[in-house]
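For this chain, numbers begin at 1 and follow the sequence in order. What's counted below: heavy atoms across the whole structure, side chains too, no hydrogens, waters or symmetry copies.
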Amino acid sequence: MHNFVYEALPMRVRFGDHALEQLPEELEALGGTNAVVLTTPEQAELGEHVNSILGAAGRGVYPRAAMHVPLSTAHAARDHVAEVGADTVISVGGGSTTGLGKAIALHSDIPIIAVPTTYAGSEMTPIWGVTDQSVKRTGRDPRVLPRAVIYDPTLTVGLPVKVSVTSGLNAVAHAVEGLYAPDASPIISLMAAEGITKMLSALPAITTEPTSSDGRSDALYAAWLCGAVLGATTMGLHHKLCHILGGTFDLPHADTHAIVLPYVMAFNLRATPTARAVLQRATGSATPATSVRNLGLQLGIPASLAEIGMPDDGLSEVIRQAVDAPYSNPRTVTETDLTDLLTAAYTGSDPDEEY
Ligand code: NAD
């Protein structure tokens with residue numbers, strides 16, 4: 001066993017079907033007396049339900065969370081929270097809504113209770129992101145880490161199957177990169193292996209039966225573990241490429257992760273035998289990259305970057321940005337490697353082909 005540093009993040013988690021009902025207890029445990037509920041416009045109705053659970057402590061719903069947290073939205077939400085005098089924000093939704101809560105907490109120290117309804121994992125990380133004039137700035141700050149998280153699988157039953165699959169593979173990507181991160185540790189590897197295994201078995205169950213209680217519960221548990229891995233380690237090539245692809249071409253976040261992941265796995269696992277062994281066990285396959293890709297295709301993810309709208313002349317721009325940007329990775333990545341990998345992801349060829 002190698003030397004390592006592991007820093008546990010201060011976080012209280014409540015998990016279980018209908019755990020949302022215990023929200024008032026969580027608010028009280030934090031010393032909060034009145035809270036604003038954040039949602040996207042699409043989840044405003046759920047927000048109203050959450051506000052009603054809060055009873056007299058509810059200060060209403062702010063249903064304006066949007067993808068990639070536009071700076072103007074963050075400012076308006078911060079003003080709203082100050083106006084109603086809330087001492088806590090409850091973010092109910094996916095990574096976009098958690099992200100809005102973080103943007104508020106970043107400059108106000110207001111605590112967040114996160115109620116995740118996708119598998120993106122943002123609730124487990126001290127990473128914030130705000131977009132201004134098409135440029136997304138990100139950073140790490142302990143103030144944005146939610147103080148409590150309520151995982152209630154019943155809230156994920158309505159997550160469309162296609163979104164569940166791409167969001168689940170987004171979570172798997174966090175755990176895969178945590179396995180070979182420079183700051184990996186044995187406890188993080190345990191979480192990553194369990195998260196990957198549980199998510200890969202939960203997604204087919206959800207696809208067959210979207211309301212499956214066991215499938216939804218396993219997937220949310222796996223999302224928690226994968227998010228914790230993301231929060232504790234430094235991500236590599238996969239996250240760098242997806243960040244560039246999403247930012248440059250406005251591609252959908254989870255779809256991009258789901259498509260690119262097998263190609264980065266195939267590339268990096270050749271240099272990381274320990275991570276490869278974990279993924280071989282998790283997938284039950286000698287070629288985990290192909291296995292993850294085939295699973296995604298069977299469950300209906302888009303087959304290629306071309307299919308989700310990446311322009312065919314966009315490759316050189318992604319390569320330029322990836323070459324310019326520093327990031328940690330277990331294997332040195334040359335410009336030729338990037339060209340081969342991205343061309344394969346663009347066309348949707350077999351990831352385990354030698355390139
Ligand atoms: P999202 O939050 O944008 O949600 C997508 C859509 O699904 C929204 O309309 C939302 O309201 C809806 N939705 C969410 N849960 C639902 C449910 N259970 N039923 C029906 N509809 C539901 O998508 P996401 O993939 O969760 O988050 C993506 C964003 O999160 C990106 O901006 C990404 O950068 C960010 N992110 C940040 C971190 C971090 O650590 N900071 C980690 C992961 C993702």
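To the nearest 0.5 angstrom, Ile113 atom CD1 is 5.5 Å from Leu23 atom CG. Between atom CD1 of residue Ile112 and atom CG of residue Leu145 there is a gap of 8.0 Å, rounded to the nearest 0.5 Å. Separating the CG atom in Leu38 from the OG atom in Ser91 is a distance of 6.0 Å, to the nearest 0.5 Å. Note that CG of Leu338 is 12.0 Å distant from OG of Ser316, once rounded to the nearest 0.5 Å. From Ser304, atom OG reaches atom OH of Tyr263 across 8.0 Å, with rounding to the nearest 0.5 Å. Taken to the nearest 0.5 Å, the CZ atom of Arg276 stands 11.0 Å off from the OG1 atom of Thr287.
Residues near Val157 contribute nothing to a hydrophobic cluster around it, because no ILVMFWY side-chain heavy atom sits closer than 4.5 Å to its side chain. Grouping Ile, Leu, Val, Met, Phe, Trp and Tyr by side-chain contacts under 4.5 Å, direct or through others, puts Ile127 with Leu230, Met235.
A pairwise comparison of heavy atoms in Val292 and Pro262 identifies CG1-CG, 4.3 Å as the closest pair. Annotation for Leu30 and Pro111: closest pair CD1-CB, 4.5 Å, computed over non-hydrogen atoms. Nearest heavy-atom pair, Thr332 versus Phe267, reported as atom, atom and distance to 0.1 Å: O-CZ, 3.6 Å. Across all their heavy atoms, Ile301 and Thr166 have their closest contact at CG2-CG2, 4.0 Å. Shown here for Asp152 and Ala19, the closest heavy-atom pair between the two residues is OD2-N, 3.2 Å. Closest of all the heavy-atom pairs between Gly296 and Leu169 is CA-CD1, 4.1 Å.
For Arg143, the salt bridge (charged side-chain N to carboxylate O under 4.0 Å, His left out) partners are Asp109, Asp141, not counting sequence neighbours. Residues forming a salt bridge (charged side-chain N to carboxylate O under 4.0 Å, His left out) with Arg14 (at least two apart in sequence, or on another chain): Glu25, Glu26. In terms of the salt bridge (charged side-chain N to carboxylate O under 4.0 Å, His left out) criterion, Asp313 has no residue partners (sequence neighbours excluded). Scored by the salt bridge (charged side-chain N to carboxylate O under 4.0 Å, His left out) test, Glu335 finds no partners at all (sequence neighbours excluded). Residues satisfying the side-chain hydrogen bond (donor to acceptor under 3.5 Å, both in side chains) test with Thr40, not counting sequence neighbours, are Glu42. Residues passing the ring-ring contact (aromatic ring centres under 6.0 Å, His included) test with Tyr62 are His80, sequence neighbours excluded.
Under the 4.5 Å side-chain contact rule for hydrophobic residues, Leu220 and Val161 share a cluster. Under the 4.5 Å side-chain heavy-atom criterion for Ile, Leu, Val, Met, Phe, Trp and Tyr, Leu155 and Ile206 are members of distinct hydrophobic clusters. Residues Tyr221 and Ile187 share a single hydrophobic cluster, defined by chaining ILVMFWY side chains whose heavy atoms lie under 4.5 Å apart. Hydrophobic cluster membership is shared by Ile319 and Leu251, with clusters built from Ile, Leu, Val, Met, Phe, Trp and Tyr side chains linked at under 4.5 angstrom.
The shortest distance between side-chain heavy atoms of Arg331 and Tyr180 does not fall below 4.5 Å. Leu20 is listed as a side-chain neighbour of His49, based on a closest heavy-atom distance under 4.5 Å. By the 4.5 Å heavy-atom criterion applied to side chains, Thr197 and Leu200 are not counted as neighbours. Residues Leu9 and Pro126 are in side-chain contact: their nearest non-hydrogen atoms beyond the backbone lie under 4.5 Å apart. You'll find the side chain of Pro204 reaches within 4.5 Å of the side chain of Leu295, heavy atoms only. Residues Leu269 and Leu279 form a side-chain contact, since some pair of their non-hydrogen atoms from C-beta on lies under 4.5 Å apart. Using a 4.5 Å heavy-atom threshold, the side chains of Val318 and Met310 count as touching. Considering only heavy atoms from C-beta on, Leu237 comes within 4.5 Å of Leu341 through its side chain.
Under the 3.5 Å distance criterion, the side-chain polar atoms of Asp324 are left unmatched by any main-chain donor or acceptor of Gln321. In terms of modelled atom types and a separation under 3.5 Å, the side chain of Arg59 and the main chain of Gly85 share no donor-acceptor contact. Side chain of Asp87 to main chain of Thr33: a donor-acceptor pair is present (N/O by atom type, distance under 3.5 Å, no hydrogens or angles). Counting only distance, with no hydrogens or angles, the side chain of Thr156 and the backbone of Pro153 share a donor-acceptor pair below 3.5 Å. Between the side chain of Thr248 and the backbone N or O of Leu245 there is no donor-acceptor pair closer than 3.5 Å. Within the 3.5 Å criterion, the main-chain N or O of Lys198 finds no donor-acceptor partner in the side chain of Asp218.
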Please step through side-chain contact (heavy atoms from CB on, under 4.5 Å) for the pair Leu179 and Thr272, ending with a clear verdict. CA-CA 9 Å; Leu179 285 172; Thr272 51; over 6 Å; no
Could you go step by step and tell me if Lys162 and Asp255 meet the salt bridge (Lys or Arg N to Asp or Glu O under 4.0 Å) rule? CA-CA 9 Å; Lys162 182 197 164 286; Asp255 291 42; 3.0 Å; yes
Decide side-chain contact (heavy atoms from CB on, under 4.5 Å) for Ile259 and Ile308; before the verdict, give the C-alpha distance in whole Å, the side-chain angles of both, and the deciding distance to 0.1 Å. CA-CA 9 Å; Ile259 293 165; Ile308 59 167; 3.7 Å; yes
Evaluate the criterion side-chain contact (heavy atoms from CB on, under 4.5 Å) for residue pair Thr336 and Asp340; output intermediate values, then yes/no. CA-CA 6 Å; Thr336 309; Asp340 292 346; 4.0 Å; yes
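The side chain to side chain contact (heavy atoms under 4.5 Å, CB included) test with Thr88 singles out one residue from Val36, Leu27, Leu54, and that residue is Leu27.
In this model, no donor atom of one side chain and acceptor atom of the other lie less than 3.5 Å apart for Asp17 and Ser217. Under the 3.5 Å distance criterion, with hydrogens and angles disregarded, no donor-acceptor pair is assigned to the side chains of Ser291 and Asn294.
Atom CD of Glu21 sits in a crowded spot, with more than 12 heavy atoms from other residues, nucleotides or ligands closer than 6.0 Å. No more than 12 heavy atoms of other residues, nucleotides or ligands lie within 6.0 Å of CZ in Arg137, so this atom counts as exposed by the packing criterion. Other residues, nucleotides and ligands contribute at most 12 non-hydrogen atoms within 6.0 Å of the CD atom of Glu28.
Pairs engaging residues 116-131 under the side-chain hydrogen bond (donor to acceptor under 3.5 Å, both in side chains) rule: Gln43-Thr117, Lys102-Ser122, Lys102-Thr125, Tyr119-Arg216, Glu123-Tyr151 [sequence neighbours left out]. Residue pairs meeting the side-chain hydrogen bond (donor to acceptor under 3.5 Å, both in side chains) criterion with at least one partner in residues 224-237, sequence neighbours excluded, are Asp183-Thr234. Residues in residues 237-247 take part in these side-chain hydrogen bond (donor to acceptor under 3.5 Å, both in side chains) pairs, two or more places apart or across chains: His174-His239, Glu177-His239, His238-His257. Annotation: side-chain hydrogen bond (donor to acceptor under 3.5 Å, both in side chains) contacts involving residues 67-76, sequence neighbours excluded, comprise His68-Lys136.
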